[in-house]
Amino acid sequence: MSENTSIYRAKDNAIQRIFGRRKAVIGVIHSLPLPGSPNYDGEPVADIYDFACAEAARYRAGGVDGLIVENHGDIPFAKPDELGPETASCMAVMADRVRRESGLPIGINVLANGAVQGVAVAKASGAAFVRVNQWANAYVANEGFMEGKAGAASRYRSWLRAKDVAIFADVHVKHGAHAIVADRTLQELTRDVEFFDADAVIVTGQRTGDSASLDDLETITAATKLPSMVGSGVTPDNVASIFQFADAVIVASALKHDGGWWNEVDPVRLATFMAVVHRARA
């Protein structure tokens, strides 16, 4: 009998289960600034929700497979323990409306690294997954020292009876320094995420809009039995190469007017991107 060398017990492919296919395209809704954030100027929250739903409609018309609702307008981001209840409350309402508007599977990313808050939002809004930028280990982020939240978030998810909410976890996430774990290889960091019961792993570049290294993607994909995806810098020029290794891509900036994450989705850019995706799938 061969030795079992797995890091964690076998589980189904979360990408296939949630999106009904491999090689999935997940668009990101970068929310306008929410109440409590530095750039919120007091406009009605209904306008914020309407913007998110309009973005969802554009993504849906363009043929993406799913969406992530993210509070990217809340720059500069707060650490998890500094996030107020208003952030989760607004994101839950917004995500529920986006899910109903789009009819697509949706996920939640509460910045920065709000894993527990993300699970709460997902449970309240019917979201299928949560993206967590630091699930295991620790690193130094723009916000300061950032610890993995797997233990707390997993227990909270169990307490909410929300185990159907999948965890998509970054490995060597963008916007930070990883000197704290420099004595661990990229393969071992990937296995740490799998060991702590994530459902998929995410590979990124150095910052928003920066392409992930294909070498890193290949290394991470080979180190785990979990599905992998690329979470930054995906463009029409590299998506076919990425799909040689990844099960999904998370894309936003390349689909926005002028390539700016703060702009609306550009239907022409989205159509161009999806045309390349269809050829790559074929």
Engineer: Would you find a donor on one side and an acceptor on the other, under 3.5 Å apart, between the side chain of E218 and the backbone of F245?
Structural biologist: no

Engineer: Donor-acceptor pair, distance only, cut-off 3.5 Å: does the side chain of Y59 make one with the backbone of V28?
Structural biologist: yes

Engineer: Measure from the side-chain N and O atoms of K23 to the backbone N and O of A246, and report whether any donor-acceptor pair falls under 3.5 Å.
Structural biologist: yes

Engineer: Just say parallel, tilted or perpendicular for the rings of F77 and H72, cut-offs at 30° and 60°.
Structural biologist: perpendicular

Engineer: Can you tell me if R281 has over 12 outside heavy atoms packed within less than 6.0 Å of its CZ?
Structural biologist: yes

Engineer: Taking the side chain as C-beta and beyond, is there a heavy-atom pair between R97 and V93 under 4.5 Å?
Structural biologist: yes

Engineer: Going by heavy atoms in the side chains, are I48 and M94 under 4.5 Å from each other?
Structural biologist: yes

Engineer: Indicate the atoms forming the closest heavy-atom contact of W135 with A198, along with that distance.
Structural biologist: NE1-N, 3.8 Å

Engineer: Would you compute the distance between atom CG of D164 and atom CD1 of I18 and round it to the nearest 0.5 angstrom?
Structural biologist: 9.5 Å

Engineer: For the side chain of D258 and the backbone of G260, is there at least one donor-acceptor N/O pair under 3.5 Å apart?
Structural biologist: no

Engineer: Using 4.0 Å as the upper bound for N to carboxylate O, is an ion pair formed by R58 and E264?
Structural biologist: yes

Engineer: Side-chain contact, heavy-atom cut-off 4.5 Å: R157 with I167?
Structural biologist: yes

Engineer: CG of L226 to CD of E194: how many Å apart, nearest 0.5 Å?
Structural biologist: 4.0 Å

Engineer: How long is the straight-line distance from CD1 of I242 back to OG of S228, given to the nearest 0.5 Å?
Structural biologist: 10.5 Å

Engineer: Which heavy-atom pair separates A280 from F243 by the least distance, and what is that distance?
Structural biologist: CB-CD1, 4.4 Å

Engineer: Ignoring hydrogens and angles, tell me if any N or O in the side chain of D65 forms a donor-acceptor pair with the backbone of V25 under 3.5 Å.
Structural biologist: yes

Engineer: Taking atom types as modelled and ignoring hydrogens, do the side chains of D170 and N133 form a donor-acceptor contact shorter than 3.5 angstrom?
Structural biologist: yes

Engineer: Could you tell me whether a side-chain N or O of D266 sits under 3.5 Å from a main-chain N or O of H257, the two making a donor and an acceptor?
Structural biologist: no

Engineer: Hey, does W262 have a side-chain heavy atom less than 4.5 Å from the side chain of I75?
Structural biologist: no

Engineer: Could you grab the distance from atom CZ of F51 to atom CD of E43, nearest 0.5 Å is fine?
Structural biologist: 11.5 Å

Engineer: Donor-acceptor pair, distance only, cut-off 3.5 Å: does the side chain of H30 make one with the backbone of W261?
Structural biologist: yes

Engineer: Taking I202 as the starting point, is it possible to reach Y139 by hopping between hydrophobic residues whose side chains are less than 4.5 Å apart?
Structural biologist: no

Engineer: To the nearest 0.5 Å, tell me how far E55 CD sits from I29 CD1.
Structural biologist: 6.5 Å

Engineer: With hydrophobic residues grouped by side-chain heavy-atom distances under 4.5 Å, do V265 and L104 end up in a single group?
Structural biologist: yes

Engineer: Where the side chain of D74 meets the backbone of P33, is there a donor-acceptor pair that is under 3.5 Å apart?
Structural biologist: no

Engineer: Is there a path of hydrophobic side-chain contacts, each under 4.5 Å between heavy atoms of I/L/V/M/F/W/Y residues, joining V239 to V64?
Structural biologist: yes

Engineer: Under a 3.5 Å distance rule, please check whether E143 uses its side chain to pair with a backbone N or O of F145 as donor and acceptor.
Structural biologist: no

Engineer: Which heavy-atom pair separates F196 from A150 by the least distance, and what is that distance?
Structural biologist: CD2-CB, 3.5 Å

Engineer: For a 4.5 angstrom cut-off between non-hydrogen side-chain atoms, does K149 reach N113?
Structural biologist: yes

Engineer: From N109 CG over to Q117 CD, what is the distance, rounded to the nearest 0.5 angstrom?
Structural biologist: 11.5 Å

Engineer: With side chains defined as the heavy atoms from C-beta onward, is the minimum distance between K256 and R269 less than 4.5 Å?
Structural biologist: no

Engineer: Does any part of the side chain of V171, heavy atoms only, come nearer than 4.5 Å to the side chain of V203, both counted from C-beta?
Structural biologist: no

Engineer: Specify the closest pair of heavy atoms between M146 and A112, including all atoms of both residues, with the distance to one decimal.
Structural biologist: CE-CB, 4.0 Å

Engineer: Looking at K11 and D199, does any basic side-chain N land under 4.0 Å from a carboxylate oxygen?
Structural biologist: yes

Engineer: Shortest non-hydrogen contact from I15 to P227?
Structural biologist: CG1-CB, 3.7 Å

Engineer: Less than 3.5 Å apart, any donor N or O on the side chain of D96 or S125 sitting next to an acceptor on the other?
Structural biologist: no

Engineer: Ignoring hydrogens and geometry, is there a side-chain-to-backbone donor-acceptor pair from D247 to M229 under 3.5 Å?
Structural biologist: no

Engineer: Going only through I, L, V, M, F, W and Y residues with side-chain contacts under 4.5 Å, is there a path from V201 to I68?
Structural biologist: no

Engineer: Please name the pair of heavy atoms, one in M274 and one in G63, separated by the smallest distance, quoted to 0.1 Å.
Structural biologist: CE-O, 3.4 Å

Engineer: Please test T224 against R191 for side-chain contact (heavy atoms from CB on, under 4.5 Å), starting from the C-alpha separation and ending with a verdict.
Structural biologist: CA-CA 6 Å; T224 179; R191 295 185 185 109; over 6 Å; no

Engineer: Quick one: do V98 and E101 satisfy side-chain contact (heavy atoms from CB on, under 4.5 Å)? Show the steps, please.
Structural biologist: CA-CA 5 Å; V98 164; E101 169 68 32; 5.6 Å; no

Engineer: Pairs under 3.5 angstrom only: tabulate donor-acceptor contacts from the side chains of residues 82-91 to other protein residues two or more places apart or in another chain.
Structural biologist:
residue : atom : partner : partner atom : Å
E82     : OE1  : K79     : N            : 3.3
S89     : OG   : P85     : O            : 2.8

Engineer: What I'd like to find out is whether the side chain of S158 reaches to under 4.5 Å of the side chain of R155, using heavy atoms alone.
Structural biologist: no

Engineer: Under a 4.5 Å side-chain heavy-atom rule over Ile, Leu, Val, Met, Phe, Trp and Tyr, are V69 and F168 clustered together?
Structural biologist: no

Engineer: Going through the checks in order, is the side-chain contact (heavy atoms from CB on, under 4.5 Å) test met by L67 and I26?
Structural biologist: CA-CA 5 Å; L67 298 169; I26 306 167; 5.5 Å; no

Engineer: Decide yes or no on side-chain contact (heavy atoms from CB on, under 4.5 Å) for L217 and V230, but give the supporting numbers first.
Structural biologist: CA-CA 8 Å; L217 174 58; V230 170; 3.7 Å; yes

